[in-house]
2 protein chains.
Amino acid sequence: MPSRPSPHQPRKTPQQQRARQTRQRILDAAARVFTEYGYAAGTTDRIAEAAKLSVGSVYQYFPNKDSILLTLTLAHIDEGIEAVRASLTAVATSPVRPEQWLPAMVGAYADLHSHNPRLHKVLFEESPRPPELLDRFHQAERDAADAVEQFLRSDPSLDLADPTRSARVVVAVIESLVHRFVSQRPDDVDSPHLTSEIVDLLVAYLRAERV
Amino acid sequence: MPSRPSPHQPRKTPQQQRARQTRQRILDAAARVFTEYGYAAGTTDRIAEAAKLSVGSVYQYFPNKDSILLTLTLAHIDEGIEAVRASLTAVATSPVRPEQWLPAMVGAYADLHSHNPRLHKVLFEESPRPPELLDRFHQAERDAADAVEQFLRSDPSLDLADPTRSARVVVAVIESLVHRFVSQRPDDVDSPHLTSEIVDLLVAYLRAERV
DNA sequence: GTCTATAGTCTGATAGAC
DNA sequence: GTCTATCAGACTATAGAC
């Protein structure tokens, strides 16, 4: 026996077409509102207004404000996973030296952040990050680290004591430094300086380590 | 003509002694409440209760909830500045090779985060970070970078193209990686692994760079 | 005079009736 | 889908305590 459905969630998915569009309209509106007002002042009323809906209707598509935020954030993460995967696949056939795949990876990651740095900042810094989000995030990082590890292991010119650990460090550094850069100079994210500095740092690390 | 003073803010500072104590009592209570409940559920009512005061009294000492949070956070930052300064001063007389001052600096910074990781997480991740806070934070980082730059310049065995930039990278990496570690494994912050991994990374960077 | 406690007001998230 | 009601929590005004 199914448990009582939560209020406002339609039992069956209705007109798929229209509903999907409305849902997307809410998400787009929320992205604009959060970008402009930030998290706290990005009220559900404003989101509803921007989506040309009433508050109640918004709550028909999302159980609460944070779930809108979460959806937006998860979409960003998925985009990131995809972008990094694509960038690595593109160089996968060429030689596997870090000097070659690192710029692609770092560049892809930086690109991703250059689109709407302000929204990104709101999403990842100003807003609360529920455990569910952190989990997904960490999962994404683990996936990235696995991919990196493959590259590390396949390069005979490297002699790493612990490729698994090195891969995690590589991902952590890219993640941290790109994010930090975004939050401090939003206008300048795709500067080649950023990319090359990170690449230099990591190449030095990978080539030097003999533990 | 002075503008109307905001309500509840005493015009002149009163009995310094008692007032200072009360203020501190509120801060201590807030630290406990935020640690236990997080930012959102760390309500002013709970803080007042934990401080054995009424809400109104709390608002006599702080204009709003966020200013309590801000005070707490700034105190943390000041502690950090001091700890790092102390750690660097301690090694300042010995040779200036990064292999020597980096462990001290990274260790001091990691230590700082091992005291109350949960509170730290609430303060720096879960809570809103007003521009004022970010400014202070960046100032602190600049100071640290200046100190690091001195070390870099005074070591003849290094041949850096741009010591200023390298110093910034060093500080950014330490900051980012320690923070990331705190948020992911709060129980394990002062693990020597963390410190040595960061030191290895940075030493490699500093010794390899020839731009 | 200087604080404190109590009892509000106000805003924004969420629920429920149409 | 809309509109209105409810609730929580930040903040405020004020009467009285020390």
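The model shown is predicted, which means the values in this text are computed figures rather than measured ones. In what follows, chains are A, B, ... by sequence order, proteins preceding strands, each numbered from 1.
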Expressed as a whole number of angstroms, how long is the span from [X]:[atom1] to [N]:[atom2]?
| X | N | atom1 | atom2 | answer |
| --- | --- | --- | --- | --- |
| B:Tyr61 | C:dC3 | OH | P | 6 Å |
| A:Phe62 | C:dA15 | CZ | C1' | 18 Å |
| A:Glu49 | D:dG1 | CD | P | 17 Å |
| B:Gln21 | C:dT4 | CD | P | 12 Å |
| A:Leu69 | C:dA13 | CG | C1' | 14 Å |
| A:Lys65 | C:dT11 | NZ | C1' | 12 Å |
| A:Asn64 | D:dA8 | CG | P | 16 Å |
| B:Leu53 | C:dT2 | CG | P | 19 Å |

From CA spacing to verdict: side chain to side chain contact (heavy atoms under 4.5 Å, CB included), A:Arg23, A:Thr71: CA-CA 11 Å; A:Arg23 195 186 138 89; A:Thr71 305; 3.7 Å; yes
Whether B:Glu126 side chain and B:Tyr39 backbone form a donor-acceptor pair below 3.5 Å: yes
The helix from C:dG1-D:dC18 to C:dC18-D:dG1: angle between end helix axes, five pairs per end, rounded to 10 degrees: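 The angle, to the nearest 10 degrees, is 10°.
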pair A:Gln100-A:Val91: side-chain heavy atoms closer than 4.5 Å: no
Residue B:Gln60, side-chain heavy atoms: nucleotide from C:dC3, D:dG1, C:dT14 that is nearest: C:dC3
Minimum-distance nucleotide (side-chain atoms of A:Ser54 versus C:dA5, D:dG1, C:dT14): D:dG1
Salt bridge A:Arg32-A:Glu36, side-chain N to carboxylate O under 4.0 Å: no
Presence of salt bridge, A:Arg46 and A:Glu49, under 4.0 angstrom: no
Kindly say if [X] contacts the phosphate of [N], meaning a side-chain N or O under 4.0 Å from OP1 or OP2.
| X | N | result |
| --- | --- | --- |
| A:Ser57 | D:dG1 | no |
| B:Tyr59 | D:dA13 | no |
| A:Thr22 | D:dG1 | yes |

Plane angle bin for B:Phe124 and B:His76 - parallel if under 30°, tilted between 30 and 60°, otherwise perpendicular: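 Answer is perpendicular, since the angle exceeds 60°.
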Candidate list B:Thr195, B:Val84, B:Ile198, B:Leu201, test side chain to side chain contact (heavy atoms under 4.5 Å, CB included), partner B:Ile174, passing option: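 When B:Thr195, B:Val84, B:Ile198, B:Leu201 are each tested with B:Ile174, the side chain to side chain contact (heavy atoms under 4.5 Å, CB included) holds only for B:Ile198.
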Nearest-0.5 Å distance that lies between atom CZ in B:Arg153 and atom CG in B:Leu160: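 So the CZ of B:Arg153 and the CG of B:Leu160 are separated by 9.0 Å.
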Stretch residues 32-48 of chain B: residues that reach within less than 4.0 Å of DNA chain D through a heavy atom: B:Thr43, B:Thr44
Ring center gap for A:His120 and A:His179 short of 6.0 angstrom: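 Between A:His179 and A:His120, which both carry aromatic rings, the centre distance is below 6.0 Å.
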